[in-house]
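Scroll down for the structure; my scribbles are underneath it.
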Amino acid sequence: MFKFVSRRACGYLSTEIRNISTKSSLIDTNKYLSDLLKLGRIDEAREVFDEMPKRDKFTYNTMLTGYANSGKLVEARRLFDDTPTKSAITWSSLISGYCKMGWETESFYLFYEMQYEGYKPSQFTLGSILRLCSIKGLFSRGEQMHCYSVKTSFDMDVFVITSLIDLYAKCLRLVEAEYLFRGMSKGKNHVTWTTMLNGYSLNGDAVGAIECFRGMRAEGIEANQYTFPGVLAACAADSDLGFGAQVHSCIVHGGFGANVFVQSALVDMYTKCGDLCSARKVVGSMEFDDAISWNAMIVGYVRQGFPEKALSLFTKMHEKNMELDEFTYPSVLNSIALMKDMKNGKCLHSLIIKSGFESYTLVSNALIDMYAKINNLDCAFKIFNFTAEKDVISWTSLITGCAHNGCHLEALKVFCKMRLDGTDPDRFVSASILSSCAELALLDIGQQVHANSVKTALDTSLSVNNSLVSLYANCGCLEYAKKVFNSIEIRNVISWTALIVGYAQNGKGIESLQFYEKMVASGIKPDYITFIGLLFACSHGGFIERGRYYFSSMVKDHGIKPGPDHYACMIDLLSRSGEMQEAEDLLNKMPVEPDATIWKALLAACRVHKNIDLAKKAAKALFELEPQDAAPYVLLSNIYSSIGKWEEAASVRRLMKSKGVGKEPGRSWIEMNGKVHAFMSEDRSHLNAEEIYLKVDEMIMKIKEVGYVPDMNFALHDINEENKERGLAYHGEKLAVAFGLLNVSIGAPIRIYKNIRPLILFTAINATWMGPFFAKLSCCWCINRMRFSEYLRAWTLGKAEVSEQAADIFDS
DNA sequence: CTAGGGTTAG
């Protein structure tokens, strides 16, 4: 059909073309050629061009531009070579085509060749090259071109300056962009304003973008379909619904309400501001069903917590036979992930395969994410392995997916593979891997990621910084945690909570509570997690009154319903403080079934307060909840032995043995120059064992001089006093400390890792006098659930050597 | 005859 029409048109044309004899009819034909090209009818244009008996330089340049603009660079190049009389414009037209396609090598070579052949680049040439630098993020090249424009005085041209502003803004150099923009006292046009506005938006400066929009209107410059999406994005980022609605009215008045770009930006703005109703209205008012706006609507529903609505909107799109694009699936997959709807997930997956969208990286990334979030890591890995063109988001989805399922070591492995694969981490994956490092207390690997983020300027990202606060706090480096926290310009509730939890974990309960008060004073509202940190601080600091106060305040003042974690902290606080009755009452009052953490807290308190009845109850619950956990058996047995009931203690141990529950032997380890040195209780396998034992004896002597009394309650069996004391003295962590004192230089921190409960990492500064140092040992805090074997595997991943002793201990 | 700005995903 199309072919027929085009033939007829050409037949008609060729008679016209044959009549070209005068100069004016050549101009008309050139114009006709240009019009055809503007309509994208390139084949017809080519026939016209071929039939023309006479051509001038305009004819050649027009045809060349036509090829260049439609991406037919081979044809453009051929025509360029055939052009009898070339001019700077001919060169610029060709260069423009190469720049548009993003062919940097070819573009820059042509730019060089043009000058070599004696043609002078114009502001047009510079504009094209600058655009290339902007889309490709070639910052240094762009700076060179800026210098070139200054040298050739093209830096006064509004097109060139606008391109430069765009370049600097896209390369995240907002200050430079602003400088150029401000320097243009006059002559800013609507494109310049729009470029600057979008620059602010892109760089996350929503207020700047809105101010820019105001400035533009004050100068009487009309906004258009390019301007509105930018300012709407800023309203969305700032949740400024009021201003967004005002912009909407400008759009209607300006007659841009029917533009799909503007409409989808409106939908996006309304959904991000939480006004789903207005968003729906915009979608409903549209003349054509535009997939982009529907996508934005689906995203809005997901974001506002209506995944079912998102799914039903998708079903509607499908029923209407709307043309879905690669953005539709990620949004709807998100809703599936939220609902943990495996059945619909699989349906959607097969639909994706059927429609051929699985080859889109964007879609497979979303599939990885969805499968990971519905706790099917196997499928996530499968999709990942089948993804042909992996980008940093593919890796991120898998890494966060592993972390989401608690497989932090797996996350670390994938991260290492990603680095080997040559993919540079961005702020998302850095934040994610830092959280995993924090979870595993892998300080040195975390610090490597930190160093890398400083190098690549990712340390300006809030989520990266929040993860860093957690990492350092979790590894006992409070001073670093505080330093990172102070460096954050705009903190959110997560930044504060990371600090509050971190200080609480490190036994700095008072500071932790002070941070909370500061946070509230600065106008940030606490959330569910903040209260876990607060109550944790209270329970570990023994602040019973404060704890009671916060526990009631979270419901009363902040409307947060306490979850199992809050109850666990409260029961821990009450029982530790000896308020066993109140703890038991709270336990019975809980609306949810108490989980293992709560029972363990109670059991541990029973150990201190020697409450046998409650201990039996707690242990019984734990035997059912976590049958393979040795801890309740050991604790119960220890309670019996602490009150002299040796027979009962032994029977619990027999029960444990008969159930086949094994107690993981306690180990402590320390890293030195890329090696792991591990110690068990009374462990003599280390090469320098003799020296280490001498050091322990020296330590014990010195601290006894300053009043240290070993706490015999914590010895495990009914052995005689002397042996008990010896067992305590040669505890793995004391051996590790002695090793640290012998090998870590004075003033440097000694970091010790432990595998058993309380699962600890503790830090001490290597001081010559060890008194305060041992005081630290007796108040170390539980920070993570890392197991020794996992740690070793992590360490091998970091390509460090594992010491032979450590490996032997591990194998035994 | 050649040049500049925009929406949806982790």
Side-chain angles (χ1 to χ4, degrees), chain A residues 30-31 33-34 37 56-66 68-69 87-97 99-100 121-131 134 154 157-167 169-170 189-199 201-202 224-233 259-269 271 290-300 302 325-331 333-334 337 360-363 365-366 368-370 372 391-401 426-429 432:
Chain A
N30 279 344
K31 175 89 174 60
L33 186 67
S34 159
L37 287 169
D56 61 3
K57 56 181 180 177
F58 296 108
T59 322
Y60 279 97
N61 287 339
T62 308
M63 195 61 219
L64 178 55
T65 307
N69 282 344
S87 66
I89 295 177
T90 321
W91 282 91
S92 293
S93 308
L94 186 67
I95 290 173
S96 155
C99 288
K100 272 202 182 113
S122 66
Q123 65 271 44
F124 293 91
T125 332
L126 288 178
S128 299
I129 295 273
L130 283 170
R131 185 183 140 97
S134 164
F154 283 124
D157 182 86
V158 63
F159 277 91
V160 172
I161 307 181
T162 306
S163 306
L164 280 168
I165 293 173
D166 182 55
L167 167 81
K170 293 258 163 65
N189 62 22
H190 63 287
V191 182
T192 323
W193 279 97
T194 304
T195 308
M196 194 63 233
L197 192 155
N198 287 318
S201 232
L202 181 77
N224 66 5
Q225 72 273 28
Y226 291 103
T227 325
F228 290 122
V231 69
L232 287 171
N259 180 286
V260 285
F261 282 101
V262 175
Q263 285 175 325
S264 49
L266 272 170
V267 173
D268 185 52
M269 183 275 293
T271 57
D290 168 44
I292 294 176
S293 303
W294 284 64
N295 292 349
M297 198 66 227
I298 291 180
V299 174
V302 175
D325 64 10
E326 75 266 35
F327 285 97
T328 313
Y329 289 105
S331 330
L333 283 169
N334 267 338
Y360 285 84
T361 306
L362 196 63
V363 177
N365 290 351
I368 296 168
D369 183 62
M370 188 245 340
D391 59 10
V392 66
I393 302 175
S394 324
W395 292 97
T396 310
S397 305
L398 195 62
I399 288 169
T400 48
D426 65 359
R427 62 202 166 95
F428 290 100
V429 77
S432 178

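Hydrogens, waters and symmetry mates are skipped; everything else that's a heavy atom, side chains included, is used. A note on names: the letters A, B, ... follow the listed sequences, proteins ahead of strands, and every chain is numbered from 1.
Using a 4.0 Å heavy-atom distance criterion, A/Asp391 is classed as making no nucleic acid contact. Residue contacts shown for A/Val299 are limited to sugar-phosphate atoms, with no base heavy atom under 4.0 Å away. Within 4.0 Å (heavy atoms only), A/Asp56 reaches no atom of the nucleic acid at all. Residue contacts for A/Asn365: at a heavy-atom cut-off of 4.0 Å it reaches no nucleic acid atom on any strand shown. Contact annotation for A/Thr396: base contact, defined as any heavy-atom pair under 4.0 Å involving a base atom. Here A/Ser93 lies in heavy-atom contact (under 4.0 Å) with sugar-phosphate atoms only. Residue-level contact check: A/Lys100 touches the backbone only, with heavy atoms under 4.0 Å from sugar-phosphate atoms and none from bases. Among the heavy atoms of the strands lying under 4.0 Å from A/Asn224 is at least one base atom, whether or not backbone atoms are also near.
Annotation: the span from A/Phe228 atom CZ to A/Phe261 atom CZ amounts to 15.0 Å, rounded to 0.5 Å.
Not a single donor-acceptor pair under 3.5 Å links the side chain of A/Asn198 to the backbone N or O of A/Ser201.
Taking side-chain N and O atoms only, A/Arg131 has a distance below 4.0 Å to OP1 or OP2 of B/dG5. The phosphate of B/dA9 (OP1 or OP2) has no side-chain N or O of A/Asn295 nearer than 4.0 angstrom. Residue A/Lys57 places no side-chain N or O under 4.0 Å from the OP1 or OP2 atom of B/dT2. Between A/Lys170 and B/dG4 there is no side-chain N or O to OP1 or OP2 distance below 4.0 Å.
For A/Trp294, there are no ring pair (Phe, Tyr, Trp, His ring centres under 6.0 Å) partners at least two apart in sequence or on another chain. Scored by the side-chain contact (heavy atoms from CB on, under 4.5 Å) test, A/Phe58 finds A/Asn30, A/Asp56 as partners (sequence neighbours excluded).
With contacts defined as side-chain heavy-atom distances shorter than 4.5 Å, the pair A/Leu64/A/Thr90 qualifies.
Stacking between A/Phe124 and B/dT2 is present: the aromatic ring centre lies within less than 5.5 angstrom of the base six-membered ring centre, and the two planes differ by under 30 degrees.
Side-chain N/O atoms of A/Asn334 and base N/O atoms of B/dG10 include no donor-acceptor pair closer than 3.5 Å. Counting atom types as modelled, A/Thr194 pairs a side-chain N or O with a base atom of B/dG5 as donor and acceptor under 3.5 Å.
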